[in-house]
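Input: a single structure, listed below in structure tokens.
Computation of the quantities below employed the complete heavy-atom set of this structure, encompassing side-chain atoms and omitting hydrogens, waters and symmetry-equivalent molecules. Along the sequence shown, residues carry numbers from 1.
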Amino acid sequence: CSRLTSVNIPNSVSRIEYEVFHNCSSLNSVTIPDSITFVSNRAFSLCSSLTTINVNWLTPLVISRNVFPNLDLCNISLNVPSGTEMLYNSAFVWNEFGGNSNLLAPIATSQTFYDAASVADLSATGQNLKWYNSATSTTVLPTATAITSGIYYVAQSVGCKESPRTAVAVTILPLYTAIPDNNFEQALFDKGIDTVLGDNRVLSAAIVNLRTLDVSNKSIADLTGIEA
């Protein structure tokens, strides 16, 4: 079958047997109907030109990785019935194929850290997350990479497929905010916002989300620190 370039298996067939397409070196496209209930090992061995597989099962057929021995499945596009993409993305062997994955972008919100943080501290909802420092970068950030205030981008991946990216705003604040006015610090202490009186500072995390603060009649001359 060295000259065979494409095959559309009829729905009268129920099994693809051992090495049935072995060494079909010019075969680039295969369409498999949902009538197929079994695919044997090495069915597509040495099909080195294979670039596209079209399948019609609404539920991915369970197969062995040895159905496609010595083939880089990332270079083969898998076309599946509409609405079944996520099933194939989580199915053994089928999730290794390339092509349109319909993966959704991860869910993530703005994140604030104090003093220092790394990529490992970033969070998002998704699987096999990959973090980037730009919307177009192809370099995945190692988990130990220190992060700074700015925008980071996260994608989720399955096999060699990757989702669109979600932009995540990151803010790095100092661990402490200076409160040079003793009376201002006393007022914060009285309200339970500051827990150590006399060090002229307060934990930034304790004040970053303050929306209202009444410190009237406290003889405060310097409100430095309220900007935090």
Query raised in the report: For residues 180-212, which residue pairs qualify under disulfide (SG to SG under 2.5 Å), counting only residues two or more places apart or in two chains?
Result: none
Query raised in the report: In chain order, what residues pass the side chain to side chain contact (heavy atoms under 4.5 Å, CB included) check against Ala91, with sequence neighbours excluded?
Result: Pro60, Trp94
Query - For the student: nearest non-hydrogen atoms of Asp214 and Ser216, plus distance - result: OD1-OG, 2.8 Å
Report task. Classify the side-chain pair Asn200/Asn182 by whether it contains a donor and acceptor separated by less than 3.5 Å. Result -> yes
Requested in this report: Name all pairs fulfilling the ring-ring contact (aromatic ring centres under 6.0 Å, His included) condition that reach into residues 121-156, sequence neighbours left out, sorted by first residue then second.
Outcome: none
Query raised in the report: Side-chain heavy atoms under 4.5 angstrom apart, residues restricted to Ile, Leu, Val, Met, Phe, Trp, Tyr: same cluster for Ile32 and Val62?
Result: no
Report summary line: Ser26 and Ser2 have their tightest heavy-atom pair at OG-O, 2.7 Å
Requested in this report: Would you kindly confirm whether Leu87 and Val93 end up in one hydrophobic cluster when ILVMFWY residues are joined by side chain heavy atoms under 4.5 Å apart?
Outcome: no
Query raised in the report: Does Tyr114 have any side chain to side chain contact (heavy atoms under 4.5 Å, CB included) partners at least two apart in sequence or in another chain, and if so, which?
Result: Thr112, Leu173, Leu175, Ser204, Ala205, Val208
Report summary line: residues 20-52 vs ring-ring contact (aromatic ring centres under 6.0 Å, His included), sequence neighbours excluded, gives Phe21-Phe44, Phe44-Phe68
Query - Residue pairs passing the salt bridge (Lys or Arg N to Asp or Glu O under 4.0 Å) test where at least one lies in residues 182-198, sequence neighbours excluded - result: none
Query - Residues forming a side chain to side chain contact (heavy atoms under 4.5 Å, CB included) with Thr125, sequence neighbours excluded - result: Ile107
**Report entry** Heavy-atom closest pair, residues Gln111 and Val168
**Finding:** NE2-CG1, 3.5 Å
Report summary line: Residues pairing under salt bridge (Lys or Arg N to Asp or Glu O under 4.0 Å) where one sits in residues 45-67, two or more places apart or in two chains, turn out to be Arg65-Glu96
**Report entry** Which atom of Ile220 lies closest to which atom of Ala187, heavy atoms considered
**Finding:** CD1-CB, 4.4 Å
Requested in this report: Answer with yes or no whether the side chains of Asp222 and Thr224 bring together a donor and an acceptor at under 3.5 Å.
Outcome: yes
Query - For Asn54, side chain to side chain contact (heavy atoms under 4.5 Å, CB included) partners two or more places apart - result: Ser29, Thr31, Thr52, Asn79
Report task. Take Asn128 and Gln156, measure what side-chain contact (heavy atoms from CB on, under 4.5 Å) needs, and give me the verdict at the end. Result -> CA-CA 5 Å; Asn128 302 318; Gln156 62 174 324; 6.0 Å; no
Report task. Work out which heavy atom in Ile147 is nearest to a heavy atom in Ser118; give both atom names and the distance. Result -> CD1-O, 3.8 Å
Report task. Identify, with sequence neighbours excluded, every residue that meets salt bridge (charged side-chain N to carboxylate O under 4.0 Å, His left out) alongside Asp199. Result -> Arg201
**Report entry** Listed once per pair and sorted, the ring-ring contact (aromatic ring centres under 6.0 Å, His included) pairs that draw on residues 199-224, sequence neighbours left out
**Finding:** none
Report task. Enter the distance from Asp72:CG to Asn75:CG here, rounded to the nearest 0.5 Å. Result -> 4.0 Å
Query raised in the report: Under 4.5 Å between side-chain heavy atoms, hopping through other hydrophobics if needed: is there a path connecting Leu46 to Val7?
Result: no
Query raised in the report: According to the salt bridge (Lys or Arg N to Asp or Glu O under 4.0 Å) rule, which pairs have a member within residues 2-24, sequence neighbours left out?
Result: Arg15-Glu17, Glu19-Arg42
**Report entry** Closest non-hydrogen atom pair between Leu104 and Pro164, with its separation
**Finding:** C-CD, 4.5 Å
